[in-house]
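Data first, discussion second: the structure below is written as structure tokens.
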Amino acid sequence: MSEEHRETGTGWPEPSEPTRPSGPAGEPDPRPDAPDPDELSPLAPPAETEAPAETDVPAETEAPAERETGTSAREPEATAGGSVARRLTSAGAMIAVLLALLGFTLVVQLKTTSTDPTLAATREEDLVRISSDLDSRERRLRQDIEALEESQRQLRSGEQGRQAALEEATRRADELGILAGTLPAVGPGLTVRFEGPDKAISSARILDAVQELRGAGAEAMQIAGSDGTTVRIIASTYFVDAAGGGLTVDGRRLSGPYTITVIGDPATMRTALNIPGGVVASVQDAGGNVTPEDREAVEVSQLHAPITLDHARPVS
């Protein structure tokens with residue numbers, strides 16, 4: 001190996017440098033794009049590239065707000081979890097409140113459905129009066145039952161039975177005569193006066209009043225017009241609005257105001273007329289007026305012609 005090889009330490013001869021034109025001895029190539037001779041050498045070390053200056057950054061950098069409050073970056077996560085829990089708790093409370101309101105609404109609806117709206121709107125004193133009237137009617141019916149049972153016992157006993165049968169027949173004939181309107185009647189009762197325009201005291205409202213009085217125990221009735229025309233009211237009596245105003249009752253024309261004279265228990269019949277939404281209220285709503293007056297004794301003197309039955313026969 002030559003001395004040159006030992007100096008390079010490679011054991012191999014160094015490659016010859018490429019020839020290049022040069023200027024005068026000792027001067028570099030004047031061409032502007034001529035490569036640097038050192039860069040052409042394969043043994044030249046690569047140029048060191050300066051790395052950007054590293055900025056010393058602490059491993060854990062705390063934000064100023066964190067240093068002041070003493071909280072770490074993990075605390076917002078815990079706060080978010082607490083907010084979710086609070087929202088869930090609020091939702092549960094809201095569901096419970098809605099369920100409670102639903103149950104309350106159902107209970108109120110059931111109570112409202114099972115309650116009579118007419119009685120619910122009635123004043124306490126009216127309810128007491130209605131209850132008292134019903135008790136009175138019950139007592140009268142029981143008395144009638146007892147009287148009939150007594151009559152039955154008397155009829156089953158000999159001579160005394162025959163006399164009792166005659167008396168019973170007379171009494172029943174009188175009752176039937178009053179109900180049929182063929183006999184006059186007298187007793188405690190009411191006079192009910194209807195005043196107002198024709199639409200307020202129409203035939204339908206007069207008929208409603210008659211039905212309410214019958215339901216309250218009226219035993220005899222008659223109706224009179226302003227000119228004094230009077231008609232006995234019985235089971236077959238009809239009411240029609242007359243042409244040009246007024247009423248037609250059983251074929252006779254009456255003009256208002258009208259007065260109904262009725263025999264029966266005054267308190268019971270007056271309560272029946274004054275129930276909420278009843279006769280008095282409906283006539284007043286239409287612009288009319290109803291005035292019931294208690295009487296210790298009224299007389300129903302107008303008679304009705306006997307009715308001839310064409311089809312009905314007693315059952316033997």
Side-chain angles (χ1 to χ4, degrees), residues 116 118-119 122 125-192 207-223 231-238 260-275 278-279 292-316:
D116 187 352
T118 303
L119 294 178
T122 307
E125 59 184 26
D126 292 335
L127 291 174
V128 172
R129 189 180 301 111
I130 292 173
S131 177
S132 177
D133 295 339
L134 292 175
D135 292 340
S136 300
R137 293 182 64 184
E138 182 182 4
R139 286 194 299 270
R140 290 197 305 271
L141 291 174
R142 290 186 180 277
Q143 291 173 359
D144 292 342
I145 292 173
E146 293 175 358
L148 291 174
E149 290 176 347
E150 180 64 23
S151 298
Q152 185 180 21
R153 286 192 296 268
Q154 291 177 0
L155 290 173
R156 288 176 179 175
S157 60
E159 181 67 27
Q160 196 175 21
R162 286 192 294 271
Q163 182 63 31
L166 180 58
E167 293 176 356
E168 178 65 17
T170 303
R171 185 181 67 83
R172 293 294 295 171
D174 292 341
E175 290 180 355
L176 293 175
I178 292 173
L179 293 175
T182 57
L183 293 176
V186 63
L190 292 175
T191 57
V192 187
L207 179 59
D208 288 342
V210 170
Q211 299 288 21
E212 289 288 353
L213 292 170
R214 282 174 175 165
E219 298 174 354
M221 283 184 283
Q222 66 183 25
I223 183 171
V231 177
R232 182 71 172 265
I233 299 174
I234 60 173
S236 61
T237 300
Y238 64 88
I260 295 179
T261 304
V262 53
I263 295 175
D265 182 59
T268 303
M269 294 187 295
R270 186 177 62 254
T271 301
L273 294 175
N274 284 284
I275 61 173
V279 174
E293 294 183 4
D294 293 10
R295 298 293 178 89
E296 292 182 359
V298 294
E299 183 178 359
V300 177
S301 57
Q302 185 66 30
L303 302 181
H304 194 283
I307 298 176
T308 302
L309 301 179
D310 296 329
H311 305 285
R313 296 290 183 270
V315 178
S316 58

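Positions are given from 1 along the sequence.
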_Side-chain (Arg232) to main-chain (Leu183) donor-acceptor, under 3.5 angstrom_ = yes
_Please find the pair of heavy atoms, one from Pro184 and one from Ser301, that lie closest to each other, and give the distance._
CB-CA, 4.1 Å
*If you take all heavy atoms of Ala220 and Ala185, which pair is closest and at what distance?*
CB-CB, 4.2 Å
*Pairwise side-chain contact, Thr191 with Arg295, heavy-atom cut-off 4.5 Å (strictly under)*: yes
_Once rounded to the nearest 0.5 Å, what's the spacing between atom CG of Leu213 and atom CG of Asp208?_
11.0 Å
*Does Gln222 offer a backbone N or O that forms a donor-acceptor pair with the side chain of Thr261 under 3.5 Å?*
no
*Using a 4.5 Å cut-off on heavy atoms from C-beta on, say whether the side chain of Ile307 contacts that of Leu309.*
yes
*Sub-4.5 Å side-chain heavy-atom contact between Asp133 and Arg137*: no
*Begin from the C-alpha positions of Arg171 and Glu175 and carry the test salt bridge (charged side-chain N to carboxylate O under 4.0 Å, His left out) through to its verdict.*
CA-CA 6 Å; Arg171 185 181 67 83; Glu175 290 180 355; 2.5 Å; yes
*Ser132 side chain to Val128 main-chain N or O, any donor-acceptor pair under 3.5 Å?*
no
*Could you grab the distance from atom CG of Asp144 to atom CG of Leu148, nearest 0.5 Å is fine?*
6.5 Å
_Separation of Met221 CE from Thr237 OG1 (nearest 0.5 Å)_ = 8.5 Å
*CD1/Ile178 to CD1/Ile234 distance, rounded to the nearest 0.5 angstrom?*
13.5 Å
*To the nearest 0.5 Å, how far apart are CD in Glu138 and CG in Leu134?*
9.0 Å
*asked:* Distance check, rounded to the nearest 0.5 Å: Asp135 atom CG versus Ile130 atom CD1?
replied: 12.0 Å
*Under 4.5 Å between any side-chain heavy atoms of Pro188 and Asp265, yes or no?*
no
*Are Met269 and Val192 close enough, and set up right, to give a side-chain contact (heavy atoms from CB on, under 4.5 Å), and what steps lead you there?*
CA-CA 10 Å; Met269 294 187 295; Val192 187; over 6 Å; no
*Under the side-chain contact (heavy atoms from CB on, under 4.5 Å) criterion, do Arg270 and Asp294 qualify, and how do the steps go?*
CA-CA 8 Å; Arg270 186 177 62 254; Asp294 293 10; 2.6 Å; yes
_Note, Ile263 side chain near Val298 side chain (heavy atom, < 4.5 Å)_ = yes
